[in-house]
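Accompanying notes for the structure given below.
Per chain, numbering begins at 1; letters A, B, ... match sequence-line order.
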Amino acid sequence: MEFIRGYDLAVIILFLAAIPVFGLFFKKYVKSEEDYFLAGRMLPFWVIGGSIIGTNIGAYDYVGAAGGAYRFGLAQANYEWLGAIPAMILSAMLFIPFYWRSGAYTVPEYLGKRYSTAVRTIEAILWFLFLAAVLGVFFWASGIMLKGYLGWDRTLSIWIVAFIVALYTVTGGLAAVAITDVVQILVMLVGGLAVMVIGFSQTGGWTGLVAMLQPSHPNHFQLFLPLDNPDFPWLGIVLGLGLVLSPAWWCCHQAIIQRTLGAKSEWDAKASMMGAAFLKMFVPLLVVLPGLFALALCKDPSAIANPDQAFPWVMRNLLPAGLSGLVFAGFIAALLSSMDATINSTAALFTRDIYQKFMVKSAPDKHYLLVGRLVTVGLVLFGVWFAPITDRFPGIYRAMQELLTVFQGPTFAMVLLGVAWKRANRWGALVGLVGGVIVSLSLAKIWEPMMNMPRTGMNFLYVAWWSFVAALLLNVIVSLLTKPEPIEKLRGLVYGLVRDDASTQEVLKQRAEGGV
Amino acid sequence: MNLSGIPLYWGVIVTVIFYAAMGLWVCLNPGEYIFKGAPDRARWRDLRIWAVILAVTQIIIYTVWGK
């Protein structure tokens, strides 16, 4: 606790108190389910863009990506560049317009309109389970960070974070989530810039940093690593990350896409993702550089026994009083912005795709609003309970990737064909999805780390690629062997069948108003 | 098939082609699609320009630090 200074604590407490108060301001604007989950479809592009990046930069980035940079160097930045920018452009120009026009609240809801209820339900359950598990990862990361920096008890830290995030997420919905995310991203950027300036001043700038590390770590300043690298083989980065995992994340991830569905126009929806891509280019400065600074400046290797301790080490040892409080507030901002988005999106999935579809089909709007809020509370409690279980994985960031890999490839194959190929039908989607997940599971052997068994599964980047290929082939073959979907059903939902004439817009409007 | 002999610069080449193709594809979209829902057609709202700036920046980054 010797590194806690009065100024730091004051900044941290001020920030922790301000965010929920700021978020609670939006409670009065939430009158319906649409207000709660889509902010009344009134958000401008710059709010959504900031919120997308706030959602994307999470605790796993600060802790895990800095740890990854400590171990592998610049190659970690692939997650922010090749593993994001092309997919964000693709998402903005190809996927988001179709989601937005369909009037859906969730990605599975779009898939229900495009394919069938069965596909929608499977996808909703998969996403629901994945996002709920990710919540556990987020909460666990918060426990590690608060314990590492403030010396607080890990369990107590998790409960404090859970209380703060629940306070404004439950009451203010997506509007509170999105606006607080913008504030949080500003805090993160200021904090990140401070780390960068101080880090470079101690290493003698970029040239000095390279000179310090290059002799002992020759591969730390190249984005691509040789094919025999077990963690970041360049072909795996290009095929698995660039072509599958990244598009799956940016084009199909419910927490990301839901923000764009709250846009006030189609242009705002597209521009929000493009604008977020500009911000994304600077993220390595926040999350990769601290790992390199720690490697260059920490003279006692035992101080960073686990690479995930690289970022806490930088905050404890590099930053002056007051400033480390601000950077730490940036870390908490990253945590909160990812958690609030995940909680809100997961609640939307359950309320729209499971509860409203199968349990209570036609209740007053206020009823679904109440259900959404209750599910939000339930998810927070689940995340707190699940947090310690995520510790069984070898690293926080990897844990998330392991979970993603299982169904991201098959999901992306199904959504890609759904948007781009009118011949893809419900049977192809169903077989492709289930078959792809089976391929994923058998290649990744994801149960091994969960049961404390030695890992024998394939690198997750290759798992993503092969499960995507399997799902794509299965979808195409089965679709061609079975009856096509009627053209009327596909109008406005498939690239090439989009017409901006009044009749199509009327059909889409009716679908949107028809709810589920 | 042994792939370990493929040199690193192939990763850079594939990445540059990837970004260039992406930028080109966005530029081929008609203005009507790009500006749909926008209040006006101001130059700064042209998402094709946004995409080109992103793609070119990334091409430079991967050319410099790729291998």
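Heavy atoms of A:Pro97 lying under 4.5 Å from chain B belong exclusively to its side chain. Looking at B:Val12, both its backbone and its side chain come within 4.5 Å of chain A, counting heavy atoms on both sides.
For B:Tyr33, the OH atom counts as densely surrounded, since its 6.0 Å shell holds more than 12 non-hydrogen atoms of other residues, nucleotides or ligands. Dense packing is recorded around CH2 of A:Trp206, with more than 12 heavy atoms of other residues, nucleotides or ligands lying under 6.0 Å away.
A pairwise comparison of heavy atoms in B:Trp50 and A:Trp267 identifies CZ2-CZ2, 4.4 Å as the closest pair.
For B:Tyr62, the ring pair (Phe, Tyr, Trp, His ring centres under 6.0 Å) test picks out A:Phe224, with sequence neighbours left out. Contacts of A:Phe412 classified as ring pair (Phe, Tyr, Trp, His ring centres under 6.0 Å), with partners at least two apart in sequence or in another chain: A:Phe468.
Counting heavy atoms from C-beta on, the side chains of B:Trp10 and A:Leu235 never come closer than 4.5 Å. In this structure, the side chains of B:Leu54 and A:Met274 come closer than 4.5 Å at one or more pairs of heavy atoms.
Taking non-hydrogen atoms and a 4.5 Å limit, the residue list of residues 213-223 of chain A in contact with chain B, ordered by number, reads A:Phe221, A:Gln222, A:Leu223.
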Pairs under 3.5 angstrom only: tabulate donor-acceptor contacts from the side chains of residues 21-31 of chain B to other protein residues two or more places apart or in another chain.
residue, atom, partner, partner atom, Å
B:Asn29, ND2, B:Trp25, O, 3.1
B:Asn29, ND2, B:Val26, O, 3.4

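For the atom pair A:Glu80 CD and B:Ile61 CD1, the distance stands at 11.5 Å (nearest 0.5 Å).
Contact tally against chain B (heavy-atom pairs below 4.5 Å) for A:Asp268, A:Leu94, A:Val238: the top residue is A:Leu94.
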